[in-house]
Amino acid sequence: MSASEMSDNSFVSEVIRCAHFSAVKHKDQRRKDPEKTPYINHPIGVANILTQEAGITDLQVIQAALLHDTVEDTDTKYDELVKEFGQQVADVVMEVTDDKNLPKQERKRLQIEHAPHLSHKAKLVKLADKLYNLRDLSRVAPEGWDEERIRSYFEWAYRVVAGLRGSNSKLEQMLDAVFQEKGVSG
């Protein structure tokens with residue numbers, strides 16, 4: 001549902017409720033940067049990219065952006081998301097959730113393989129998530145990461161994004177600019 005299809009008050013209320021849920025779930029987590037940035041900055045940043053830079057007003061996409069790492073990185077379960085935010089939002093979150101029971105390299109391979117088959121809403125979340133992470137990597141290296149690991153991440157992200165193309169030209173142009181700055185191309 002887009003912002004124009006519901007009252008401003010209920011739209012804002014739902015976004016804030018979702019952001020609060022995510023903040024509570026991620027409350028003890030930190031990013032891997034030297035500043036140990038609160039993790040909640042990431043899902044809020046992904047939602048901000050979608051709304052402020054890509055012009056996305058679909059409530060379910062914004063909610064999924066705010067929740068996209070809750071199942072993967074916290075004790076949140078699919079059924080809990082369905083109960084709180086509905087099946088459509090929960091399904092988008094699950095589409096972008098890695099199975100942490102798999103080895104890291106297998107999860108990365110599956111992201112590349114699954115990218116072209118995601119729903120449009122999940123592709124938007126995934127594009128914004130990659131853009132946020134790549135910008136963050138350009139800003140500061142996570143602790144323990146050298147230039148080779150950063151470059152490898154950019155090259156892998158490029159392959160994931162290739163499978164998402166055709167979803168949102170604004171996001172894709174911004175990603176292309178980040179890739180170009182790093183000298184990464186197909």
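Below, each value reflects all heavy atoms present in this structure, side chains not excepted, and no hydrogens, waters or symmetry copies.
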May I have the step-by-step check of side-chain contact (heavy atoms from CB on, under 4.5 Å) for K130 and F154, ending in yes or no? CA-CA 9 Å; K130 290 294 175 253; F154 268 80; over 6 Å; no
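- Residues near V140 contribute nothing to a hydrophobic cluster around it, because no ILVMFWY side-chain heavy atom sits closer than 4.5 Å to its side chain.
- In this structure, L127 and E172 have side chains that are in contact, with non-hydrogen atoms separated by less than 4.5 Å.
- Residues Q105 and W156 form no side-chain contact, since every pair of their non-hydrogen atoms from C-beta on lies 4.5 Å or further apart.
- Among residues two or more places apart in sequence or in another chain, the ring-ring contact (aromatic ring centres under 6.0 Å, His included) test is passed with H42 by Y39, H68, Y132.
- A donor-acceptor pair shorter than 3.5 Å cannot be found between the side chains of Q88 and K121.
- Inter-residue side-chain proximity for H117 and E95 is flagged as unmet; no heavy-atom pair is nearer than 4.5 Å.
- Note that CD of E181 is 11.5 Å distant from CG of D176, once rounded to the nearest 0.5 Å.
- Cluster annotation: V160 and M174 are assigned to the same hydrophobic cluster (Ile/Leu/Val/Met/Phe/Trp/Tyr, side-chain heavy-atom contacts under 4.5 Å, transitive).
- By the 4.0 Å N-to-carboxylate-O rule, R17 lies close enough to E14 to be salt-bridged with it.
- Annotation: side chain of V178 is in contact with side chain of L134 (closest heavy-atom distance under 4.5 Å).
- R151 has no carboxylate O lying under 4.0 Å from a charged side-chain N of E148, or vice versa, which leaves the two without a salt bridge.
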Report the C-alpha separation of R159 and E155 in whole Å, then their side-chain angles, then the decisive distance to 0.1 Å, and conclude whether the salt bridge (charged side-chain N to carboxylate O under 4.0 Å, His left out) test is met. CA-CA 7 Å; R159 294 175 66 203; E155 290 169 352; over 6 Å; no
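- The NE2 atom of H114 lies 12.5 Å from the CG atom of L164; values are rounded to the nearest 0.5 Å.
- From H20, atom NE2 reaches atom NZ of K25 across 11.5 Å, with rounding to the nearest 0.5 Å.
- Between I40 and Q29, the closest side-chain pair of non-hydrogen atoms is not below 4.5 Å.
- Residues L50 and L67 fall into different hydrophobic clusters, defined by Ile, Leu, Val, Met, Phe, Trp and Tyr side chains chained together at heavy-atom separations under 4.5 Å.
- Remark: R165 CZ to K123 NZ distance equals 12.0 Å, nearest 0.5 Å.
- Residues K77 and V71 fail the side-chain proximity criterion, which asks for heavy atoms closer than 4.5 Å.
- Side chains of D91 and V82 form no contact here, defined as non-hydrogen atoms less than 4.5 Å apart.
- Classification of E143 and K36 as a salt-bridged pair holds, one side-chain N sitting under 4.0 Å from a carboxylate O.
- Between the side chains of D33 and T37, at least one donor-acceptor pair of N or O atoms lies under 3.5 Å.
- Taken to the nearest 0.5 Å, the CG atom of L175 stands 12.5 Å off from the CD atom of Q180.
- V89 and V61 fall into different hydrophobic clusters, where Ile, Leu, Val, Met, Phe, Trp and Tyr side chains are chained together by heavy-atom contacts under 4.5 Å.
- With contacts defined as side-chain heavy-atom distances shorter than 4.5 Å, the pair H120/L124 qualifies.
- Pairing each heavy atom of P43 with each of S22, the nearest pair is CG-OG, 4.0 Å.
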Step by step, would you call L110 with D98 a side-chain contact (heavy atoms from CB on, under 4.5 Å)? CA-CA 8 Å; L110 288 171; D98 287 347; over 6 Å; no
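- Within 6.0 Å of atom NZ in K83, 12 or fewer heavy atoms from other residues, nucleotides or ligands are found, so the atom counts as exposed in its surroundings.
- Under the 4.0 Å criterion applied to side-chain N and carboxylate O atoms, R139 and E35 are assigned as salt-bridge partners.
- With hydrophobic clusters built from ILVMFWY side chains whose heavy atoms lie under 4.5 angstrom apart, I62 does not share a cluster with V93.
- Y153 and I49 fall within a single hydrophobic cluster, where Ile, Leu, Val, Met, Phe, Trp and Tyr are joined by side-chain heavy atoms under 4.5 Å apart, directly or via other members.
- Residue pairs satisfying the ring pair (Phe, Tyr, Trp, His ring centres under 6.0 Å) criterion with at least one member in residues 79-101, sequence neighbours excluded, are listed as follows: F21-F85.
- Atom CG of N168 and atom CD of E53 lie 11.0 Å apart (nearest 0.5 Å).
- Between R31 and the options D69, D73, D136, a salt bridge (charged side-chain N to carboxylate O under 4.0 Å, His left out) holds for only D136.
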